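Below is one structure; the comments refer to it alone.
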There are 2 protein chains.
Amino acid sequence: MMEKKIKKSEWDITNCPVRTVLDRFGDKWSILVLLVLGEKQKLRFNEINKEVGSDISQKMLTVTLRKLEADGFIFRTIYPEIPPKVEYEITDLGKSLVPHVDNLTKWAVSNMPAIKRSRERFKK
Amino acid sequence: MMEKKIKKSEWDITNCPVRTVLDRFGDKWSILVLLVLGEKQKLRFNEINKEVGSDISQKMLTVTLRKLEADGFIFRTIYPEIPPKVEYEITDLGKSLVPHVDNLTKWAVSNMPAIKRSRERFKK
DNA sequence: CCGGATCCCCAGGGATACTG
DNA sequence: CAGTATCCCTGGGGATCCGG
């Protein structure tokens with residue numbers, strides 16, 4: 001029976017899949033933007049801005065969208081009009097991630113009370 | 001009839017569950033340490049250090065362990081000996097999170113090739 | 001052996017102004 | 001409208017030293 005144990009050398013940043021996932025989605029906005037597009041399928045820049053909540057800066061929204069696009073989670077359609085019109089749409093790859101995030105979210109929702117209680121106890 | 005749409009004000013950091021989860025686990029080490037303890041159940045400080053891979057500083061390991069403990073994901077047993085001995089063990093709450101992280105990890109493993117290909121294409 | 005206390009550095013991210 | 005370009009600042013995290 002093979003060991004399931006993961007060798008130490010495999011836990012570094014390049015080989016450890018958990019780290020890979022965190023490095024990619026540990027930032028402030030990626031998941032949020034992805035979920036918004038998962039819900040609405042297709043949105044324009046300003047619409048995403050509204051949906052996310054207006055506390056994201058234009059700069060960070062742009063940066064986040066570019067990264068999601070580079071990874072293949074969303075794709076971008078540019079309409080050569082004036083004023084410009086750009087639509088963002090979630091890809092199949094992006095869609096495939098959404099349920100996992102949703103599961104985590106559900107876990108968080110149902111366990112957050114316990115966590116908060118634990119934090120309270122810990123403070124004392 | 002109330003909108004199903006999530007109001008902007010509900011997406012802020014305190015009310016949005018996704019953000020809550022990210023704020024808690026978006027840091028560099030929490031999930032990694034939790035997974036290590038999920039596998040081994042019970043470990044001493046230095047053992048965790050070894051398992052995580054020695055690229056975590058003592059300070060950050062301490063900080064991470066305190067946060068996990070405060071949230072109720074692990075608990076700590078101090079043996080009043082000299083030299084000191086401290087054991088960390090995952091709780092049921094902690095265990096309940098592990099499968100979700102594993103699912104995300106599996107997703108990452110199977111989709112990382114596609115992501116990397118997408119990144120290559122995007123560079124050009 | 002465990003981990004607290006300090007110092008320091010840098011990258012993520014905000015605010016603002018500007019443009020095709 | 002959908003960005004780009006700058007400037008700036010905060011805090012996460014590393015290195016090091018010390019102490020029970």
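Below, chain A is the first sequence line, B the second, and so on; all start at residue 1. What you see below is based on every heavy atom in this structure, not just the backbone, and it leaves out hydrogens, waters and symmetry mates. No experiment lies behind these values; they were computed from the predicted model shown.
- Following rounding to the nearest Å, A:Leu43 (CG) and D:dC1 (P) show an atom-to-atom distance of 15 Å.
- A:Met60 places its CE atom 15 Å from the P atom of D:dG3, with the value rounded to the nearest Å.
- Rounding to the nearest 0.5 Å places CG of B:Leu32 at 10.5 Å from CG of B:Leu61.
- Between the OG1 atom of A:Thr105 and the CD1 atom of A:Ile31 there is a distance of 8.0 Å, given to the nearest 0.5 Å.
- If you check C:dG3, D:dA2, D:dG14 against the side chain of B:Gln58, the one that comes closest is C:dG3.
- Taking atom CG of A:Leu61 as the reference point, atom C1' of D:dG3 lies 10 Å away to the nearest angstrom.
- At C:dG3, none of the side-chain N or O atoms of B:Thr62 fall inside 4.0 Å of OP1 or OP2 (strictly under the cut-off).
- Atom OH in A:Tyr79 sits about 24 Å away from atom P in C:dG20, given to the nearest Å.
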After noting the C-alpha distance and the side-chain angles of B:Glu47 and B:Tyr88, does the key distance pass the side-chain hydrogen bond (donor to acceptor under 3.5 Å, both in side chains) rule?
CA-CA 10 Å; B:Glu47 293 172 335; B:Tyr88 294 88; over 6 Å; no
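- Picking from D:dG14, D:dG13, C:dG3 the nucleotide with the shortest atom distance to the side chain of B:Asp27 gives D:dG13.
- Among C:dG3, C:dC2, C:dA5, the nucleotide with an atom closest to any side-chain atom of B:Arg76 is C:dG3.
- Nearest-nucleotide positions on DNA chain D for A:Leu65 and A:Lys59 put A:Leu65 closer to the 5' end.
- What separates CD1 of B:Ile56 from P of D:dA15 is a distance of 11 Å, to the nearest Å.
- Minimum interatomic distance between B:Lys95 and B:Pro99 (heavy atoms only, all atoms of both residues): O-CD, 3.1 Å.
- Counting to the nearest Å, the P atom of C:dC1 and the CD atom of B:Glu81 are 13 Å from each other.
- The nucleotide whose nearest atom lies closest to any side-chain atom of A:Asn46 is, among D:dG14, C:dG3, D:dA2, D:dA2.
- Side chain of A:Lys28, nearest nucleotide from C:dG13, D:dC1, D:dT4: C:dG13.
- The nearest whole Å value for the distance from the CD1 atom in B:Ile82 to the P atom in C:dG3 is 15 Å.
- The interatomic distance linking A:Arg66 (CZ) with D:dA5 (P) rounds to 12 Å, in whole Å.
- Listed pair B:Tyr88 / C:dC1 fails the phosphate criterion, with no side-chain N or O lying under 4.0 Å from OP1 or OP2.
- At the phosphate of D:dC1, neither OP1 nor OP2 sits under 4.0 Å from any side-chain N or O atom of A:Arg44.
- Between B:Arg44 and B:Pro84, the closest heavy-atom pair is NH2-O, 3.4 Å.
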